[in-house]
Amino acid sequence: HREAGIPSQCYTKTEGTSNPCWACHTDVHFPNVMSDSDLQSEYSFSAEGKENHWTNLFVDGSAIQAELSDAWTLAYVRSDNYAPLRRELRKRSDYVGYVPDLDFTLGFDAQGFARDGSGWRALRYKPFPGVFWPTNGNSDDVMVRLAPRFRSLAGRPSLEVYRANLALLEASLASDPRIENARVRRSVEPIDERAVGYDLNGDGKLEASVHEVVGIPDHYLGDASDVRLRRNLYPEETEFLHSVRYLDPDAPSFLATRMKELRYMKKIQDLEESQLLGVYAREHDEKDEGHLPFYPGAAETGLRNRHGWTLQGFIEDREGRLRLQTHQEQAACMGCHTNLGVTVDQTFAFARKLPGAAGWAYQDLRGMADAPQLGHAKSEFSTYLERVGGGDEFRANAELLERFFVDGKPNTALIARAQRGGDRDFAWLVLPSRERALELDRAYVALVRAQVFERGRDAQVKPPARVHRTIENESTGLGEAGRVYLDGRLRLAWDE
């Protein structure tokens with residue numbers, strides 16, 4: 001399947017009224033110049049892509065699901081399949097890929113730093129709308145790590161320098177890209193300016209504790225002072241660790257112990273501006289010429305995109321053990337992390353980080369407000385439901401429809417309770433009932449036992465009805481209906 005980078009959600013039947021496409025496909029926001037809003041109005045796929053290869057969507061796994069009791073399911077999702085992976089890979093001398101080096105059993109401190117000294121730092125972020133809301137089947141977390149020189153001063157480890165460099169990165173990536181560097185203001189965790197030797201808030205003095213970055217400097221701090229700070233781009237050697245997990249209805253934010261997948265991403269090349277523009281231009285030209293995507297690399301080392309990132313993933317085998325994903329399986333990750341209009345340097349989570357100290361902790365949706373996207377008047381959840389006519393790309397989440405729709409329209413008064421100043425939070429909006437959580441867990445176990453992830457990995461309690469098996473008419477009908485939107489943004493207006 002040469003078009004594995006096209007997600008299954010792109011085969012939704014819009015019927016000229018439902019537009020989930022706006023969340024991913026949008027207008028230019030530099031340095032991402034992939035203007036792909038045309039994909040809202042057209043199924044602009046190659047001949048290969050017009051056939052929906054994600055045939056697991058059409059498989060009824062209810063027979064397997066019926067065999068799994070609630071007690072068995074809870075025991076399964078609460079068992080650890082990550083620690084065994086770490087142990088086994090450390091024994092291997094013939095494996096050259098990423099060896100998981102984060103010890104989840106030791107956990108994270110109050111500032112989100114891994115207690116194992118690995119340099120990983122957990123962040124709290126608002127999940128991307130649609131498939132990554134827990135109500136649609138997955139819980140997940142994200143950890144970030146910068147290269148050693150960003151974590152040291154004069155050759156010695158410095159936690160304050162690390163925190164300051166992460167604060168500068170946060171200001172660079174999560175702030176409004178339309179604001180010039182000198183005028184950027186971003187609330188950050190308290191930083192000791194004296195320890196890093198830099199006036200972060202621009203008030204002309206070095207203070208023991210500042211809570212805001214005012215203006216973005218040209219370079220990072222500490223031993224990374226020779227590294228340019230490039231707006232909306234990560235520095236070379238930035239790493240991300242992302243686990244996709246089952247739902248545990250008794251765990252905070254339903255984050256289960258068991259992982260469905262473990263995903264690793266590293267920026268191995270920092271491209272110049274002219275090179276980046278060339279990458280986007282090349283993408284357009286190759287698509288016009290009918291070329292299918294090609295991702296160099298191998299399952300053992302990960303696949304590489306043209307923006308300088310390498311991605312590698314693990315997934316469950318039939319017994320629930322994490323195994324290396326095949327080349328074909330890993331290719332499914334590449335579409336969303338390569339030339340997608342809404343992304344910030346081909347990533348999702350960091351630009352959606354909760355501002356300041358509240359955003360440096362292990363993922364937890366509790367207490368998080370339903371903030372709007374930048375430039376939007378309504379909250380993100382409300383906007384998504386209104387434009388989609390449901391709570392997922394296929395409008396198959398009956399529970400969410402029942403909870404938050406009245407007469408076919410979003411109940412905005414109810415949803416507003418989770419917005420800033422309300423008596424509810426984002427977790428209340430997107431966490432499923434206990435019954436649905438266990439149903440979704442069982443549905444995914446059925447996929448695990450089948451071991452045909454090249455045909456899809458979406459947890460569906462039953463096959464959704466609004467999915468194309470083949471694309472016969474390229475028009476989605478949304479353009480004709482005037483339901484194309486150019487304002488999809490990854491970043492959030494947390495203070496509005």
Side-chain angles (χ1 to χ4, degrees), residues 7-12 20 23-24 54-62 64-65 68 70 73-74 76-78 81 125-142 242-263 313 315-316 320 322 329 332-333 336 348-349 363 365 381 384-385 388 390-404 426-450 452-453 455-467:
S8 60
Q9 289 74 24
C10 288
Y11 292 93
T12 184
C24 291
W54 308 119
T55 54
N56 278 344
L57 288 171
F58 311 113
V59 175
D60 187 348
S62 57
I64 294 177
Q65 297 171 35
L68 311 176
D70 287 359
T73 303
L74 287 170
Y76 184 75
V77 304
R78 291 170 179 171
N81 59 349
Y125 56 94
K126 195 179 184 197
F128 193 69
V131 69
F132 267 104
W133 286 342
T135 182
N136 293 321
N138 300 308
S139 61
D140 70 325
D141 56 26
V142 170
H242 175 210
S243 74
V244 183
R245 299 175 182 248
Y246 287 86
L247 301 169
D248 183 343
D250 296 320
S253 294
F254 286 29
L255 270 156
T257 299
R258 174 169 290 275
M259 295 181 184
K260 296 178 176 181
E261 297 182 54
L262 180 68
R263 301 172 177 177
I315 200 164
E316 285 182 288
L322 288 171
E329 290 166 344
C333 299
C336 292
F348 291 85
Q363 176 69 324
L365 306 180
F381 186 83
Y384 186 87
L385 266 59
V388 176
D392 66 301
E393 292 81 356
F394 304 132
R395 288 164 285 161
N397 188 333
E399 180 176 271
L400 193 144
L401 286 166
E402 183 178 346
R403 288 180 62 190
F404 294 111
F426 188 63
W428 176 69
L429 294 177
V430 298
L431 294 184
S433 66
R434 185 183 192 87
E435 179 184 9
R436 176 168 169 80
L438 294 176
E439 284 179 339
L440 289 164
D441 286 341
R442 286 191 283 265
Y444 191 80
V445 171
L447 296 177
V448 169
R449 292 187 173 180
V452 283
F453 292 116
R455 301 177 191 170
R457 59 189 79 175
D458 297 295
Q460 301 287 342
V461 176
K462 59 182 180 180
R466 297 184 178 97
V467 185

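Numbering starts at 1 and runs along the sequence shown. Model, not experiment: these values are computed from the prediction.
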Fill in the blank from the handout: In terms of heavy-atom contacts, Asn136 and Gly391 come closest through ND2-O, 3.0 Å
Completion exercise
What one should report as the nearest heavy-atom pair of Leu57 and Ser8 is CD1-CB, 3.9 Å
Problem - OG1-CZ distance between Thr73 and Arg442, expressed to the nearest 0.5 angstrom - result: 4.5 Å
Practice task
Would you check if the side chain of Thr12 reaches a backbone N or O of Glu393 as a donor-acceptor pair within less than 3.5 Å?
Solution key: yes
Handout entry: Side-chain touch Pro129/Phe381, heavy atoms, less than 4.5 angstrom
Key = no
Handout entry: Interatomic distance, Glu435 atom CD to Leu440 atom CG [nearest 0.5 angstrom]
Key = 10.5 Å
Handout entry: Pro432 vs Phe254 side-chain heavy atoms within contact, under 4.5 Å
Key = yes
Handout entry: Option passing side-chain contact (heavy atoms from CB on, under 4.5 Å) with Ile315 (candidates Met259, Arg457, Lys260)
Key = Arg457
Exercise for the section: Ignoring hydrogens and angles, state whether a donor on the side chain of Asp140 or His242 is under 3.5 Å from an acceptor on the partner side chain. Expected result: yes
Handout entry: Leu74 side chain reached by Leu438 side chain, heavy atoms, under 4.5 Å
Key = yes
Exercise for the section: Would you confirm whether Ser139, through its side chain, and Tyr246, through its main-chain N or O, come within 3.5 Å as a donor-acceptor pair? Expected result: yes
Problem - Lys/Arg cation over aromatic Tyr76: Arg258, 6.0 Å, 45° cone - result: yes
Handout entry: Heavy-atom side-chain proximity of Ser253 to Pro134 below 4.5 angstrom
Key = no
Handout entry: Derivation and outcome, side chain to side chain donor-acceptor pair (under 3.5 Å), residues Glu399 and Ser433
Key = CA-CA 8 Å; Glu399 180 176 271; Ser433 66; 2.5 Å; yes
Problem - Aromatic contact, Phe404 with Trp428 (centres under 6.0 Å) - result: yes
Handout entry: Side-chain (Asp458) to main-chain (Gln460) donor-acceptor, under 3.5 angstrom
Key = no
Fill in the blank from the handout: For Ala446 and Gly61 the tightest heavy-atom approach is CB-O, 4.3 Å
Handout entry: Student check: side-chain heavy atoms of Val467 and Phe58 closer than 4.5 Å
Key = yes
Handout entry: Expected output: side-chain Arg245 to main-chain Thr257 donor-acceptor under 3.5 Å
Key = yes
Exercise for the section: Verify, without hydrogens or angle tests, whether Asn81 (side chain) and Leu322 (backbone) share a donor-acceptor contact under 3.5 angstrom. Expected result: no
Handout entry: Side chains of Gln363 and Val142 in contact at under 4.5 Å (non-hydrogen atoms)
Key = no
Exercise for the section: Would you check if the side chain of Arg263 reaches a backbone N or O of Val244 as a donor-acceptor pair within less than 3.5 Å? Expected result: no
Problem - Output field: ring centroids Phe128/Trp133 closer than 6.0 Å - result: no
Exercise for the section: Check whether any side-chain N or O of Arg436 sits under 3.5 Å from a backbone N or O of Thr135 as a donor-acceptor pair, and report yes or no. Expected result: yes
Practice task
Can you spot which of Asp248, Asp441, Asp70, Asp250 makes a salt bridge (Lys or Arg N to Asp or Glu O under 4.0 Å) with Arg434?
Solution key: Asp250
Handout entry: Spacing of Ile64 atom CD1 and Leu447 atom CG [to the nearest 0.5 Å]
Key = 8.5 Å
Problem - Gap between atom NZ of Lys462 and atom CD of Gln65 - 0.5 Å precision - result: 11.5 Å
Handout entry: Arg403, CZ atom: more than 12 neighbouring heavy atoms under 6.0 Å
Key = yes
Practice task
Please find out if less than 6.0 Å separates the ring center of Phe348 from that of Tyr125.
Solution key: no
Fill in the blank from the handout: Rounded to the nearest 0.5 angstrom, the CG-CG distance for Asn138 and Leu247 is 7.0 Å
